[in-house]
Undergrad: 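Please read through the structure below; I'll follow up with questions.
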Amino acid sequence: MARILTLTLNPALDLTLRLDSLQPGAVNRGQALVSHAAGKGLNVAQVLADLGHRVTVGGFLGSANAAPFEALFHRRGFLDAFVRVPGETRSNIKLSEHSGRITDINGPGPLVEAEHREALLERLEQIVAGHDAVVVAGSLPQGVEPDWFALLLRRLKACGVPLVLDSSGAALRAGLAVAPWLVKPNEEELAEALGVASTELLTAALHLRAQGVEHVLLSRGAAGVSWFGPDIALEARPPKVEVVSTVGAGDSLLAATLHGLLEGWPAERTLRQATAIAAQAVTQLGFGIHDREQLARLEAGVTVTSLA
Ligand SMILES: Nc1ncnc2c1ncn2[C@@H]1O[C@H](COP(=O)(O)OP(=O)(O)OP(=O)(O)O)[C@@H](O)[C@H]1O
Ligand SMILES: [Mg+2]
């Protein structure tokens, strides 16, 4: 069991409202409302907790609607290192109609001012102390620029703890320049961040390794994963599964790969289990490890091959 810190700079409250059919401009009556505290780093944290690790969660959290997040931290036994900022954490509203159509309305997050950015940097060393790895995942809130994000990552790296990054766009580009220990882009994210064609991605991954990124975990949706690391060049293909929701698939893959690495497992075993846990996430509305028998069946269906 390890102690892991996950940082989510831009968490979100996911609100799913089920309704018969959406009538824009009219009064609509919802049938059921489900809300849950979300954000990439918090998703990773939950899968790590399922795998038996002790987790600290941090980042920026709006103080006006912190209760559902605090309830999640309490339920999952997470240590809370979030810096509170004035205002509300963003809400991402999903209007889910009977027909299966889903309309997403993503709210703006709070503005993270200089004093709160400073507050996180000031407390950083103290927060990181005693952890075996740090995961930074998700997008940047208003007020956090890629340059500051790169500074945060450099500070984390300077703490001497393995740094894991999962982000996209300008944040991923700025983060790759810091050479984290492990990165988990999907194909589209890596192609965009490096400005390369999708046919060049394996070469680009090797190039990142040459620049000091120890592990590149390139996720390719239903086609699986390519993993490049020290003496590691592997590809995994998941078994065919019925897709219920892909929410949290990438986060599950990341958490489970980190698990195997921290446990010191052989790479093949790590990748096989991580690919199965990601496939299991796809078969559920949420994610996480709830059915160990299903997981064992999925693991048996994963094909791992060498890319060397
Ligand atoms: N349809 C699927 N069937 C089986 N496994 C899947 C499927 N979709 C995704 N996965 C698994 O989940 C992993 C991560 O998925 P993907 O590459 O879509 O990540 P992502 O785009 O980062 O997702 P996220 O939305 O969670 O950030 C894949 O590498 C694969 O192992
Ligand atoms: Mg992702």
Side-chain angles (χ1 to χ4, degrees), residues 6-12 14 36 38-48 50 92 94 102 104 106 135-140 164-173 175-176 180 182-193 198 201-202 205 215-229 232 234-260 267-289 291 294-295 297-305 307:
T6 76
L7 294 182
T8 314
L9 303 190
N10 200 18
D14 278 352
H36 64 268
K40 297 273 172 203
L42 294 177
N43 297 351
V44 171
Q46 293 182 72
V47 179
L48 287 169
D50 285 347
N92 290 342
K94 294 172 202 311
I102 296 176
D104 282 295
N106 290 352
V135 178
V136 181
S139 57
L140 304 185
V164 177
L165 172 67
D166 182 6
S167 194
S168 58
L172 175 59
R173 199 172 311 122
L176 288 175
L182 185 153
V183 294
K184 196 234 62 77
N186 64 29
E187 292 181 292
E188 197 186 333
E189 288 163 349
L190 190 63
E192 197 215 327
S198 59
L201 285 173
L202 296 189
H215 296 277
V216 180
L217 201 59
L218 178 63
S219 71
R220 345 185 71 135
V225 199
S226 307
W227 180 12
F228 297 93
I232 301 168
L234 294 173
E235 186 180 76
R237 289 191 170 270
K240 205 167 167 43
V241 296
E242 199 191 323
V243 179
V244 175
S245 150
T246 59
V247 168
D251 309 321
S252 300
L253 177 74
L254 171 55
T257 304
L258 179 58
H259 171 68
E268 189 185 330
R269 177 179 176 198
T270 297
L271 187 60
R272 177 178 299 280
Q273 196 195 62
T275 306
I277 289 173
Q280 186 169 39
V282 168
T283 67
Q284 311 171 21
L285 260 188
F287 52 87
I289 305 161
D291 182 344
Q294 182 204 20
L295 181 59
R297 281 197 302 278
L298 289 170
E299 246 184 276
V302 174
T303 321
V304 180
T305 50
L307 282 169

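Numbering of ligands and ligand atoms starts at 1, following listing order. Position 1 is the first residue of the sequence, and the numbers go up from there. Note that the coordinates shown come from a computational prediction; the quantities given were computed from them, not determined experimentally.
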Undergrad: Is it the case that over 12 heavy atoms from other parts of the model lie below 6.0 angstrom from the CZ atom of R220?
TA: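 Check passes, neighbour count above 12.
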
Undergrad: To the nearest 0.5 Å, what is the distance between CG (L307) and CD1 (I232)?
TA: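 Going from the CG atom of L307 to the CD1 atom of I232 covers 12.0 Å.
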
Undergrad: Any salt bridge between E299 and R272, counting N to O under 4.0 Å?
TA: no

Undergrad: Pick out the protein N or O atoms lying less than 3.5 Å from any N or O of ligand 1, and list each pair with its distance.
TA:
{"from": "ligand 1", "atom 1": "17 (O)", "to": "S219", "atom 2": "OG", "distance (Å)": "2.7"}
{"from": "ligand 1", "atom 1": "17 (O)", "to": "G221", "atom 2": "N", "distance (Å)": "2.9"}
{"from": "ligand 1", "atom 1": "19 (O)", "to": "S219", "atom 2": "OG", "distance (Å)": "3.3"}
{"from": "ligand 1", "atom 1": "21 (O)", "to": "N186", "atom 2": "ND2", "distance (Å)": "2.7"}
{"from": "ligand 1", "atom 1": "22 (O)", "to": "K184", "atom 2": "NZ", "distance (Å)": "3.0"}
{"from": "ligand 1", "atom 1": "26 (O)", "to": "A249", "atom 2": "N", "distance (Å)": "3.3"}
{"from": "ligand 1", "atom 1": "26 (O)", "to": "G250", "atom 2": "N", "distance (Å)": "2.8"}
{"from": "ligand 1", "atom 1": "27 (O)", "to": "K40", "atom 2": "NZ", "distance (Å)": "2.7"}
{"from": "ligand 1", "atom 1": "29 (O)", "to": "G224", "atom 2": "O", "distance (Å)": "2.9"}

Undergrad: Among residues at least two apart in sequence or on other chains, which ones pass side-chain contact (heavy atoms from CB on, under 4.5 Å) with A236?
TA: L271, T275, V302, V304

Undergrad: Strictly distance-based, threshold 3.5 Å: is any side-chain N or O of D50 a donor or acceptor partner for the main-chain N or O of I289?
TA: yes

Undergrad: What are the two closest heavy atoms between T257 and A274, and how far apart are they?
TA: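 Looking at all heavy atoms of both residues, the shortest contact is OG1-CB, 3.4 Å.
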
